[in-house]
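For this chain, numbers begin at 1 and follow the sequence in order. Remember, it's a predicted structure, so these values are computed and weren't measured experimentally.
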Amino acid sequence: MLKNYLLTPGPTPIPPRVLETMARPIIHHRTPEFQKIIQEVEEDLKYVYQTKNEVLIFAASGTGAMEGSIANLFSPGDKALVVRGGKFGERFGDICKAYGIEFTALDVEWGKAVDPKMIDDVLKKDKKIKAVFTTLCETSTGVSTDVEAIGKIMKNYEAVLVVDAISGLAAIPIKTDEWGIDVAISGSQKGLMIPPGLAFVSVSPKAWQVIEKSTLPKYYFDFKAYKKALGKTDTPFTPAVNLMIALKEALKIIKEEGLDVIFEKHKKMAAAIRSAVKSMGLELFAPEAYSDGVTAVKVPKGIDGEKLVKTMRDKYGVGIAGGQDEMKGKMFRIATMGYITPPDLIVCIATLETVLSEMGYKFQLGSGVVALEEALR
Ligand SMILES: *Cc1c(COP(=O)(O)O)cnc(C)c1O
């Protein structure tokens, strides 16, 4: 029998208080009881997003809200700027392609963050760009983007700023209004600590003006329909009732703990992971622009990275993520967000040491755990 530990950047573990709410009998969604849930969830999501904007909720994975942001902002002939520094930045480009929206790609080497000045340079030259797409925490590379700096630049332009905060929200700081984010996208299974199945977008007044004029085809993800329903404390379609109830509880936990306390905790845990892997002679994939929500580590030469992740999971029950696309087999990633706690990290690093030494990697056994404990003290 294996005891399972999940340290992947989505899905993340779910607190028992949240799990328990999902075992309750289903309720109907067109009721005052459910309306109260919508109200509470909406208010608490605004707290997590640090916004006064409406936050729309979809029964979808995060990508649904990414697609929705493109379908709702554009009309045929419009142009976008897409920052591509990993798998998820690339996804925005892929969705633009699917909708026939032309875009300028700002390709950033994986493991590095975009220089906000480069966005300024493109916007200065190309006045046709209507929206800029970037990623707060690029989960595939463990990179964090300076969205605040990008927001400052965007104040000089008409284009709207769209940020994928699917793994960033509630994991690392995001100040939607203060930073000038027009559309902030998120999902349920990362920092918010509930199962996959909900997607979110906050929409600024400036973005609503653009959405009003959009003529691309849309139906399920028509933001205006969700806004209209929200005005009546309702949803346009059947909501994911039990996930909404789980979200209500998860948001309550986040509020009780406080965002600043949560961010400090993640920062300390991520620093401890970085210190642990470095002590084992391993290299960080993003040594400078690292995110405190997920740490990406290079697999050492001569070690099969896919086998490493698989052995940790299948032999020891410890789930970490491997590399994606071009980094498949060459990277592993450990999340520090949500319901992942310092003792989980000790289990994770100790297991990583065990498996790496089983696989023949030469290092001082225990060095990672010692460094981790020292950093966590
Ligand atoms: C997980 C993730 C996504 C994809 O979300 P799904 O819920 O799998 O659709 C997109 N962007 C980022 C940054 C993510 O971490």
Side-chain angles (χ1 to χ4, degrees), residues 46 48-56 62 65-75 77-86 88-93 95-96 99 101-108 112-138 141 143-169 171-186 200-214 216 223 227 289 291:
K46 285 180 180 173
V48 178
Y49 264 89
Q50 300 286 288
T51 189
K52 289 195 172 71
N53 298 334
E54 291 97 351
V55 182
L56 311 179
M66 292 173 80
E67 172 159 354
S69 71
I70 285 162
N72 280 270
L73 285 169
F74 293 116
S75 300
D78 283 345
K79 218 174 151 189
L81 170 58
V82 178
V83 177
R84 298 193 300 193
F88 296 112
E90 284 171 10
R91 186 165 296 176
F92 273 132
I95 302 169
C96 281
Y99 279 85
I101 293 298
E102 194 194 330
F103 64 94
T104 300
L106 208 64
D107 286 323
V108 181
K112 300 243 161 77
V114 66
D115 177 358
K117 218 184 122 292
M118 289 168 74
I119 295 176
D120 198 19
D121 290 345
V122 176
L123 289 175
K124 224 179 264 164
K125 278 190 215 114
D126 192 346
K127 300 288 180 209
K128 273 183 68 191
I129 288 170
K130 251 177 104 175
V132 174
F133 293 82
T134 190
T135 315
L136 176 62
C137 168
E138 181 40 272
T141 60
V143 164
S144 162
T145 304
D146 189 352
V147 172
E148 185 177 9
I150 296 172
K152 273 194 193 128
I153 288 166
M154 302 274 310
K155 290 208 169 94
N156 304 318
Y157 298 96
E158 255 177 58
V160 293
L161 174 58
V162 182
V163 175
D164 170 354
I166 294 178
S167 67
L169 189 79
I172 59 175
I174 177 172
K175 294 187 173 165
T176 304
D177 293 355
E178 204 181 305
W179 295 356
I181 305 170
D182 294 297
V183 176
I185 299 165
S186 200
F200 315 97
V201 285
S202 73
V203 185
S204 73
K206 179 177 169 186
W208 279 121
Q209 285 179 6
V210 178
I211 290 167
E212 280 302 324
K213 296 187 198 109
S214 156
L216 276 187
F223 287 5
K227 184 189 187 187
S291 164

Heavy-atom side-chain contact between Lys227 and Ile211 under 4.5 Å: no

Aromatic plane relationship, Trp208 with Phe223 - under 30° parallel, 30 to 60° tilted, over 60° perpendicular: perpendicular

Residue list, salt bridge (charged side-chain N to carboxylate O under 4.0 Å, His left out) with Asp182, at least two apart or on another chain: none

Close side-chain approach of Ser69 and Phe133, heavy atoms under 4.5 Å: yes

Residue pair Val55 / Lys46, side-chain heavy-atom distance below 4.5 Å: yes

Qualifying residues under salt bridge (charged side-chain N to carboxylate O under 4.0 Å, His left out), relative to Asp126, sequence neighbours excluded: Lys79

From Ile150, Leu161, Ile129, residue fulfilling side chain to side chain contact (heavy atoms under 4.5 Å, CB included) relative to Ile119: Ile150

Contacts of Lys124 that satisfy salt bridge (charged side-chain N to carboxylate O under 4.0 Å, His left out) - sequence neighbours left out: Asp120

NZ (Lys125) with more than 12 external heavy atoms under 6.0 Å: no

Side chains of Leu216 and Ile101 in contact at under 4.5 Å (non-hydrogen atoms): yes

Side chains of Leu56 and Val203 in contact at under 4.5 Å (non-hydrogen atoms): yes

Neighbour count above 12 (heavy atom, 6.0 Å) for Lys206 NZ: yes

Listed partners of Asp107 passing side-chain contact (heavy atoms from CB on, under 4.5 Å), at least two apart: Arg84, Ala105

Side-chain heavy atoms of Tyr49 within contact of Ile181, under 4.5 Å: no

Those residues that, when tested against Ala113, pass side-chain contact (heavy atoms from CB on, under 4.5 Å) (two or more places apart): Val143, Ala289

Those residues that, when tested against Val210, pass side-chain contact (heavy atoms from CB on, under 4.5 Å) (two or more places apart): Leu73, Lys130, Val160

